[in-house]
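Heads up: the structure comes next, in structure tokens.
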Amino acid sequence: MIERTRIADLAALPDGPVAVAGWVETVRDQKKVQFVVLRDETGAAQLVNPATREAEDGDDDAQARLAITNEISGLAHGTFVHVRGTLKHDERVKLGGLEVRVGSLEVVSAAKPETPIADDSSLDKRLDWRFLDLRNRKQNLIFRIQTTLEHAFRTYWVERDYIEIHTPKLMASASESRAELFQLEYFETTAYLAQSPQNFKQMAQPAGFGAVFEIADAFRADPSFTSRHATEFTSVDAEISWVESHADVMAMHEELLVAGFTAVKEKYGKEIEEVFGFEFAVPTAPFPRVTLAEARKIVADSGYEVVRADGDLDPEGERRVSAWAKETHGSEFVFVTDYDASIRPYYHMRHADDPTLTNSYDLLFNGAEISTGAQREHRVDVLEAQAVEKGLAPEELGWYLDFFRYGVPPHGGFGMGLARVLMLALHEPSIREVTYLFRGPTRLTP
């Protein structure tokens with residue numbers, strides 16, 4: 001490895017020789033002194049070079065200093081350099097309270113002088129040049145937060161003896177419905193990209209795995225252009241055996257989010273406040289719970305009429321229920337439960353005393369839905385009847401129904417969009433800002 005100290009680690013070192021490497025963020029080329037802000041993957045530091053503007057022949061030291069001065073004068077934003085110099089701690093330096101006096105500077109990879117994007121470029125333009133857009137501190141922090149959040153999720157599950165699974169993304173038939181499917185040629189037949197791991201994580205229940213999780217890609221051929229939809233996204237999924245109802249799934253779900261947000265707060269809370277301008281909050285469990293019927297009344301009492309014919313909440317309805325949860329419970333999260341069977345999949349279990357309702361929920365966060373969860377129907381005769389009721393032929397469900405013919409415990413689980421959680425947690429205006437490379441109806445590159 002090339003010798004260097006990460007910029008974030010400079011503060012722990014004493015004054016003295018040091019090597020750093022990264023890309024040039026800014027250059028202030030003054031007559032007597034030059035300042036370079038160098039950034040690497042961990043932060044930014046100030047380099048300083050006393051400028052040498054002329055040197056006599058034969059004065060090798062002056063010639064070397066002149067060469068460094070000229071090199072710095074020609075540095076373009078984004079140029080990658082390797083620098084050896086002297087570290088000096090100085091509280092007067094606003095950037096980290098330290099600076100590196102340049103001893104030698106090597107241009108590792110020069111950048112073109114004019115960059116194709118600027119701070120005020122449109123989001124679409126920035127996405128065209130995503131590798132450059134990702135260089136800024138805010139974007140770097142977003143993906144460090146994502147890493148910490150995913151690690152905390154995995155830690156929560158692994159510590160409770162969950163099994164991590166990796167389900168196929170090529171399927172012979174739809175995982176939930178034939179709507180919103182990407183279809184592709186597969187040798188002599190047709191395959192579909194998985195909308196979710198739903199079928200396969202349920203398969204783990206009769207397999208005797210007990211509790212499973214997966215964090216992986218999912219695909220929806222949804223022609224939506226909203227700020228919260230994508231055609232390819234990272235889905236966070238879990239399924240657990242021996243649930244009494246969807247309340248058990250909700251209890252696990254909120255514990256998971258508290259664990260994830262706690263890890264983010266502990267590691268990046270101060271930096272989030274500095275970069276994003278707000279205090280990152282860890283939610284308190286249990287989250288408030290309202291039935292869908294109660295949620296519709298909350299929305300109506302607020303003076304808004306949901307214009308959907310199926311009785312579900314629309315985006316404005318979700319925002320109003322979330323506002324109610326924040327105002328009355330001080331919570332950014334709220335479970336909306338007991339959805340009508342008419343707007344839920346056939347595999348959601350119905351209420352024992354009211355077959356028009358399901359043991360299911362949506363989780364709303366900061367005004368938007370981030371997850372759907374439910375207790376699954378595990379009795380094959382009931383499952384077949386509910387499929388027929390939804391207009392599906394049992395023979396079309398083939399191997400899925402076979403999961404339930406040889407014994408299966410009561411079970412339930414959820415699927416949650418990772419990028420949507422990040423977007424709402426960081427108060428970002430679009431899921432595109434928190435997705436490494438966004439895919440939507442009109443974007444397949446870069």
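Small disclaimer: the values here were computed from a predicted structure and weren't measured. Side-chain atoms are counted along with the backbone in the values below, which use heavy atoms only and exclude waters and symmetry mates.
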Inset, instruction - Just do the ring pair (Phe, Tyr, Trp, His ring centres under 6.0 Å) check on W399 and F200 with the steps written out, would you? - result: CA-CA 11 Å; W399 52 267; F200 297 119; 5.6 Å; yes
Inset, instruction - Could you give me the CA-CA distance, side-chain angles and deciding distance for F261 and F365, then say whether ring pair (Phe, Tyr, Trp, His ring centres under 6.0 Å) is met? - result: CA-CA 13 Å; F261 278 52; F365 174 35; 5.8 Å; yes
Inset, instruction - Let me see the working for F233 and I431 under side-chain contact (heavy atoms from CB on, under 4.5 Å), right down to the final yes or no. - result: CA-CA 10 Å; F233 61 96; I431 201 169; 5.8 Å; no
Inset, instruction - Show the numbers, then the answer: is there a ring pair (Phe, Tyr, Trp, His ring centres under 6.0 Å) between H77 and W23? - result: CA-CA 8 Å; H77 172 84; W23 66 91; 8.7 Å; no
Inset, instruction - Walk me through it: do L10 and V20 pass the test side-chain contact (heavy atoms from CB on, under 4.5 Å)? - result: CA-CA 9 Å; L10 290 175; V20 291; 4.0 Å; yes
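With salt bridges taken as basic N to acidic carboxylate O contacts below 4.0 Å, none links E232 and R220. In this structure, E377 does not pair ionically with R350, as no charged nitrogen and carboxylate oxygen lie closer than 4.0 Å. A salt bridge does not link R379 with E384: every distance from a Lys NZ or Arg NE/NH1/NH2 to an Asp or Glu carboxylate oxygen is 4.0 Å or more. The residues E274 and R137 are annotated as salt-bridged, a charged nitrogen and a carboxylate oxygen being separated by less than 4.0 angstrom. Salt bridge absent: E150 and R144 never bring a charged side-chain N and a carboxylate O closer than 4.0 Å. Ionic pairing of R319 and E316 is present here: one or more N-O contacts between side-chain nitrogen and carboxylate oxygen are shorter than 4.0 angstrom.
Nearest approach of V108 to H82, heavy atoms of both residues: CG2-N, 3.9 Å. Taking all atoms of both residues into account, the shortest heavy-atom contact from I343 to K390 is N-NZ, 4.2 Å.
N136 contributes a side-chain N or O that, together with a main-chain N or O of K138, makes up a donor-acceptor pair within less than 3.5 Å. Judged purely by atom type and a 3.5 angstrom limit, K265 has no side-chain atom pairing as donor or acceptor with the backbone of A281. E389 contributes no side-chain N or O that, together with a main-chain N or O of Y346, makes up a donor-acceptor pair within less than 3.5 Å. Looking only at distances, no side-chain donor or acceptor of H378 sits under 3.5 Å from a matching main-chain atom of M349. In this structure, the side chain of R376 does not engage the main chain of Q202 through any donor-acceptor pair within 3.5 Å.
Applying the side-chain hydrogen bond (donor to acceptor under 3.5 Å, both in side chains) rule to D310 yields the partners R308; only residues at least two apart in sequence or on another chain are considered. When the side-chain hydrogen bond (donor to acceptor under 3.5 Å, both in side chains) test is applied to D40, the partners found at least two apart in sequence or on another chain are T42. For the side-chain hydrogen bond (donor to acceptor under 3.5 Å, both in side chains) test, residues two or more places apart in sequence or in another chain that qualify with D354 are T356. For R126, the side-chain hydrogen bond (donor to acceptor under 3.5 Å, both in side chains) partners at least two apart in sequence or on another chain are D133, E433.
Between L357 atom CG and T291 atom OG1 the span is 8.5 Å, to the nearest 0.5 Å. To the nearest 0.5 Å, atom CE of residue M203 and atom CD of residue Q205 are 10.5 Å apart.
Classified by interplanar angle (parallel below 30°, tilted 30° to 60°, perpendicular above 60°), the ring pair Y400/F404 is perpendicular. Ring pair W157/Y162 is tilted by interplanar angle, where 30° to 60° counts as tilted.
With Y156 as the aromatic partner, R160 meets the cation-pi criteria of under 6.0 angstrom to the ring centre and within 45 degrees of the ring axis.
Within the structure, side chain to side chain donor-acceptor pair (under 3.5 Å) contacts touching residues 360-372 (residues at least two apart or in different chains) are H253-Y361, Y339-D362, R344-S360, R344-D362, T358-S360, D362-T372. Sorted by first and then second residue, the pairs that involve residues 434-446 and meet side chain to side chain donor-acceptor pair (under 3.5 Å), not counting sequence neighbours, are D128-R443.
The closest side-chain donor-acceptor pair between S302 and R320 falls under 3.5 angstrom.
For NE2 of H351, the number of neighbouring non-hydrogen atoms (other residues, nucleotides, ligands) closer than 6.0 Å is greater than 12.
Taking 4.5 Å as the limit, every side-chain heavy atom of L184 sits out of range of all side-chain heavy atoms of T190.
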